[in-house]
Amino acid sequence: MSHSRIGVVGAGTMGQGIAQVVATSGLEVRLYDVADGQLSRAREHIGQGLDKLVAKERLSGGERDEALERLDTTSKFEALGDCDIIIEAAPESAEIKERLFRDLGQLSRDAILASNTSSLSLTRLASVCERPERVVGMHFFNPVPVLKLVEVIRAEQTSDETVGKVEQLAEQMGKTAVPIADSPGFAVNRLLVPMINEAAFLVQENAATPEAIDQAMKLGAAHPMGPLALADLIGLDVCLSIMEVLQEGFGDPKYRPCPLLRRMVAAGYLGRKSGRGFHVYQ
């Protein structure tokens, strides 16, 4: 893997984090997005992230500069054609991801195609590709440079060789790969997001304020962050999407999205990225 080039599709929060970690692990990374402005912002944010590591003495100035040299950005889709592994970090939409995987599969028959989807079926994504055995899930967690977990999701079609290579990549990135079956929400989000949804029900019922809920879970359950502050960090639109996937996938009413969560998303109160969610941010 030492001479591989890794492609990352999508220069949003997750794509930026993945690209930063790839670059600091000694691998070349090509970050693709359709918007040149987003790519410029991504390079700026990655630079700021590396500066923080230098300030904390986790990275030297020379290592920061070398990591930035390994980072390439492009708005040309065909530029991903020479990447060995392509990690998709596009918005959590089945339509968008299926179109991307179909196009990526036609662009490169040899590349491993990994999705950072937080809840969608890898088996379904693999089915649109000419070589479905090369499709796998690599679910990173936000903030990517900090959190060590990568859920590795095997589709029904995924080969052992593909799983082995992405586990090797995760290790080289300083992550811990945990194998998870292709089930709605996988493991972490199937446990975590329903808790967030239940916290939203508590707010809707005036049982407790967001501040009280977060404080209670930090002090009473030793959580480093309360569930509603975490929801704001993840994005309420993402939380709602995951709940909808769980409800559709299992057909169980316990996964019904909280109406308050739906209203907040409709109002544009998406959390940190919009400046307001269950809490207000500057």
Side-chain angles (χ1 to χ4, degrees), residues 1-33 35-76 79-90 111-116 118 136-152 163-178 188 224-225 229-230 232-235 272-273 281-282:
M1 292 296 296
S2 59
H3 301 290
S4 295
R5 176 178 289 112
I6 308 301
V8 178
V9 176
T13 300
M14 295 302 293
Q16 292 171 26
I18 295 168
Q20 176 180 320
V21 173
V22 173
T24 55
S25 68
L27 297 170
E28 293 184 9
V29 58
R30 182 161 292 153
L31 179 60
Y32 163 79
D33 198 283
D36 287 318
Q38 182 61 36
L39 289 170
S40 297
R41 288 188 292 272
R43 180 172 281 277
E44 179 182 356
H45 291 160
I46 291 171
Q48 292 170 351
L50 295 174
D51 287 342
K52 290 180 180 177
L53 293 177
V54 172
K56 295 177 180 178
E57 299 184 345
R58 296 179 183 173
L59 206 66
S60 70
E63 289 171 331
R64 172 198 57 200
D65 295 341
E66 290 171 2
L68 286 173
E69 288 178 4
R70 287 190 289 268
L71 171 64
D72 180 32
T73 59
T74 182
S75 58
K76 296 181 179 179
L80 296 169
D82 63 349
C83 294
D84 301 285
I85 298 178
I86 302 172
I87 303 171
E88 168 273 316
I112 289 175
L113 306 180
S115 177
N116 182 54
S118 56
V136 67
M138 288 187 78
H139 181 209
F140 295 81
F141 290 80
N142 186 32
V144 178
V146 176
L147 299 182
K148 297 296 185 181
L149 174 65
V150 175
E151 288 183 315
V152 175
V163 171
K165 286 184 176 180
V166 298
E167 288 179 340
Q168 183 183 4
L169 174 61
E171 181 180 356
Q172 187 163 350
M173 294 170 69
K175 304 299 183 185
T176 299
V178 176
V188 172
M225 178 182 290
L230 180 58
D232 285 348
L233 178 62
I234 295 170
R272 286 183 178 270
K273 60 187 172 185
Y281 304 89
Q282 296 297 325

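Across every non-hydrogen atom of A67 and L50, the tightest pair is CB-CD1, 4.1 Å. The minimum heavy-atom distance between K273 and G235, with the atom names listed, is CE-CA, 4.1 Å. The two residues I86 and A111 have their closest heavy-atom pair at CD1-CB, 4.2 Å. Considering every non-hydrogen atom in both G12 and Q38, the closest pair reads CA-NE2, 4.0 Å.
Residues K175 and L147 are not in side-chain contact: their nearest non-hydrogen atoms beyond the backbone lie 4.5 Å or more apart. Inter-residue side-chain proximity for T74 and L31 is flagged as unmet; no heavy-atom pair is nearer than 4.5 Å. Looking at V150 and V152, their side chains come closer than 4.5 Å, going by heavy atoms from C-beta outward. Looking only at side-chain heavy atoms (C-beta outward), M14 and N142 come within less than 4.5 Å of each other. Proximity of V178 to L149: side-chain heavy atoms (C-beta onward) are separated by under 4.5 Å at one or more points.
Scored by the side-chain hydrogen bond (donor to acceptor under 3.5 Å, both in side chains) test, N116 finds no partners at all (sequence neighbours excluded). Evaluation of the ring-ring contact (aromatic ring centres under 6.0 Å, His included) rule for Y32 yields F77 as partners, not counting sequence neighbours. In terms of the salt bridge (Lys or Arg N to Asp or Glu O under 4.0 Å) criterion, residue partners of E28 (sequence neighbours excluded) are, by chain and number, R5. Partners of T176 by side-chain hydrogen bond (donor to acceptor under 3.5 Å, both in side chains), not counting sequence neighbours: none found.
At least one donor-acceptor pair closer than 3.5 Å links the side chain of E151 to the backbone N or O of V188. Of the possible polar contacts, one joining the E63 side chain to the S60 backbone as a donor-acceptor pair under 3.5 Å is found.
Taking 4.0 Å as the cut-off between side-chain N and carboxylate O, R30 and D72 count as a salt-bridged pair. K165 and D84 are not joined by a salt bridge, as no carboxylate oxygen comes within less than 4.0 angstrom of a charged side-chain nitrogen.
Interatomic distance, R43 CZ to T73 OG1, rounded to the nearest 0.5 Å: 5.0 Å. For the atom pair OG (S75) and CG (D33), the distance works out to 8.5 Å, reported to the nearest 0.5 Å. Taking CZ of R70 as the reference point, atom CD1 of I6 lies at 12.5 Å (rounded to 0.5 Å). Atom CG of L113 is separated from atom SG of C83 by 10.5 Å, given to the nearest 0.5 angstrom. Expressed to the nearest 0.5 Å, how far OG of S115 lies from CE of M138 amounts to 11.0 Å. Distance check: R41 CZ to I46 CD1 gives 13.0 Å after rounding to the nearest 0.5 Å.
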Kindly indicate, with the supporting measurements, whether the criterion side-chain contact (heavy atoms from CB on, under 4.5 Å) is fulfilled by K148 and F140. CA-CA 8 Å; K148 297 296 185 181; F140 295 81; over 6 Å; no
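Residue pairs that meet the salt bridge (Lys or Arg N to Asp or Glu O under 4.0 Å) test with at least one member in residues 49-60, sequence neighbours left out, are D51-R64.
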Which pairs of donor and acceptor atoms, one on a side chain in residues 16-27, lie under 3.5 Å apart (sequence neighbours left out)?
residue : atom : partner : partner atom : Å
Q16     : OE1  : H45     : ND1          : 3.3
Q16     : NE2  : A11     : O            : 3.0
T24     : OG1  : Q20     : O            : 3.1
T24     : OG1  : V21     : O            : 3.1
S25     : OG   : V21     : O            : 3.4
S25     : OG   : V22     : O            : 2.6

